[in-house]
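Note sheet for the following structure.
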Amino acid sequence: SSDSQHHNTQILEKAGILNKTKIAENGKRVRKNWTQSWTVLHGGVLTFHKDPKSAAGGTSNKTNQIVPEFTLELRGAVIGWASKDKSSKKNVLELKTRSGAEFLVQYDTESIINDWHKVIVDTIRQLDLD
Ligand code: I3S
């Protein structure tokens with residue numbers, strides 16, 4: 001990959017609060033568990049951080065909010081708006097990773113979820129070119 005393409009991937013960065021749940025891993029359905037996460041996109045990787053309310057100890061403090069919970073590699077991933085049967089919530093994105101995991105990400109404010117959709121689409125597209 002050229003330096004300029006690598007650079008383009010690096011500048012597609014974003015962070016914010018999203019609601020997320022895993023819905024499948026290794027092609028097998030798992031029970032939903034919606035939690036709110038501080039979510040960071042950096043270098044083609046999406047990192048969800050622990051819900052401060054469910055982090056170890058159960059106490060809500062600033063350090064718990066920045067503990068990474070898991071990361072998703074966006075290279076080869078597929079993102080799109082989830083069909084109505086996937087969730088009763090509004091503004092739901094479905095993200096399928098190359099490794100066979102499926103997640104839903106959601107936020108009530110349309111402009112916020114639209115911005116995430118756009119930056120993830122652009123990132124996946126850019127990673128395809130590398
Ligand atoms: O796809 P489902 O089973 O309707 O998802 C709902 C469940 O995860 C539910 O929890 P319980 O399995 O403990 O009932 C959640 O509270 C709901 O939020 C899930 O549905 P939505 O439509 O919100 O994704």
Side-chain angles (χ1 to χ4, degrees):
S1 80
S2 75
D3 283 351
S4 65
Q5 282 168 345
H6 190 236
H7 179 71
N8 286 340
T9 304
Q10 293 298 315
I11 62 170
L12 290 169
E13 293 182 332
K14 187 172 176 61
I17 295 286
L18 286 176
N19 301 311
K20 59 96 178 59
T21 181
K22 190 187 280 182
I23 57 167
E25 62 192 337
N26 307 315
K28 191 170 176 273
R29 292 258 155 237
V30 298
R31 189 170 185 174
K32 278 184 192 165
N33 179 29
W34 283 105
T35 57
Q36 200 172 70
S37 288
W38 176 247
T39 307
V40 177
L41 173 63
H42 175 79
V45 176
L46 202 57
T47 301
F48 295 107
H49 296 79
K50 281 181 185 161
D51 179 355
K53 291 186 288 295
S54 65
T59 53
S60 185
N61 63 49
K62 289 246 156 52
T63 55
N64 279 343
Q65 294 182 38
I66 53 163
V67 177
E69 185 180 10
F70 56 87
T71 60
L72 298 188
E73 176 60 60
L74 291 182
R75 186 183 300 274
V78 177
I79 189 160
W81 296 103
S83 57
K84 289 287 176 201
D85 59 308
K86 293 284 167 114
S87 176
S88 61
K89 299 183 194 305
K90 63 176 180 179
N91 305 335
V92 182
L93 290 169
E94 186 176 21
L95 185 60
K96 302 185 188 193
T97 68
R98 204 172 49 161
S99 63
E102 294 181 37
F103 295 84
L104 299 180
V105 296
Q106 186 273 343
Y107 201 78
D108 278 353
T109 306
E110 205 179 325
S111 59
I112 288 179
I113 198 75
N114 283 343
D115 286 353
W116 277 103
H117 181 235
K118 187 181 186 315
V119 75
I120 293 170
V121 165
D122 289 349
T123 300
I124 293 169
R125 216 171 263 160
Q126 190 58 48
L127 288 165
D128 254 2
L129 301 173
D130 288 348

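Quantities reported herein were computed from a predicted structural model and do not represent experimental measurements. Counting convention: from 1, in listed order, for ligands and their atoms alike.
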Between ligand 1 and the protein, which N/O pairs fall short of 3.5 Å?
{"from": "ligand 1", "atom 1": "1 (O)", "to": "K32", "atom 2": "NZ", "distance (Å)": "2.8"}
{"from": "ligand 1", "atom 1": "5 (O)", "to": "K32", "atom 2": "NZ", "distance (Å)": "3.3"}
{"from": "ligand 1", "atom 1": "12 (O)", "to": "R31", "atom 2": "NE", "distance (Å)": "3.2"}
{"from": "ligand 1", "atom 1": "12 (O)", "to": "R31", "atom 2": "NH2", "distance (Å)": "3.1"}
{"from": "ligand 1", "atom 1": "13 (O)", "to": "R31", "atom 2": "NH2", "distance (Å)": "3.1"}
{"from": "ligand 1", "atom 1": "22 (O)", "to": "S87", "atom 2": "OG", "distance (Å)": "3.4"}
{"from": "ligand 1", "atom 1": "22 (O)", "to": "S88", "atom 2": "N", "distance (Å)": "2.6"}
{"from": "ligand 1", "atom 1": "22 (O)", "to": "S88", "atom 2": "OG", "distance (Å)": "2.6"}
{"from": "ligand 1", "atom 1": "23 (O)", "to": "K89", "atom 2": "NZ", "distance (Å)": "3.1"}
{"from": "ligand 1", "atom 1": "24 (O)", "to": "K32", "atom 2": "NZ", "distance (Å)": "2.6"}
{"from": "ligand 1", "atom 1": "24 (O)", "to": "W34", "atom 2": "NE1", "distance (Å)": "2.8"}
{"from": "ligand 1", "atom 1": "24 (O)", "to": "S87", "atom 2": "OG", "distance (Å)": "2.8"}

Lys/Arg-Asp/Glu bridge criterion (N-O < 4.0 Å) met for K28, E102: no

Is a donor from one side chain sitting under 3.5 angstrom from an acceptor on the other, for S99 and T97? yes

Counting only heavy atoms not in K32 (residues, nucleotides, ligands), do more than 12 fall under 6.0 Å from its NZ? yes

Does K22 make a cation-pi contact with F103 (under 6.0 Å, within 45 degrees of the axis)? no

So which of V105, I23, I120 actually passes side-chain contact (heavy atoms from CB on, under 4.5 Å) with L95? I120

Let's go through E69 and H49 carefully: what are the C-alpha distance in whole Å and the side-chain angles of both, what is the deciding distance for side-chain contact (heavy atoms from CB on, under 4.5 Å) to 0.1 Å, and is it a yes or a no? CA-CA 5 Å; E69 185 180 10; H49 296 79; 5.8 Å; no

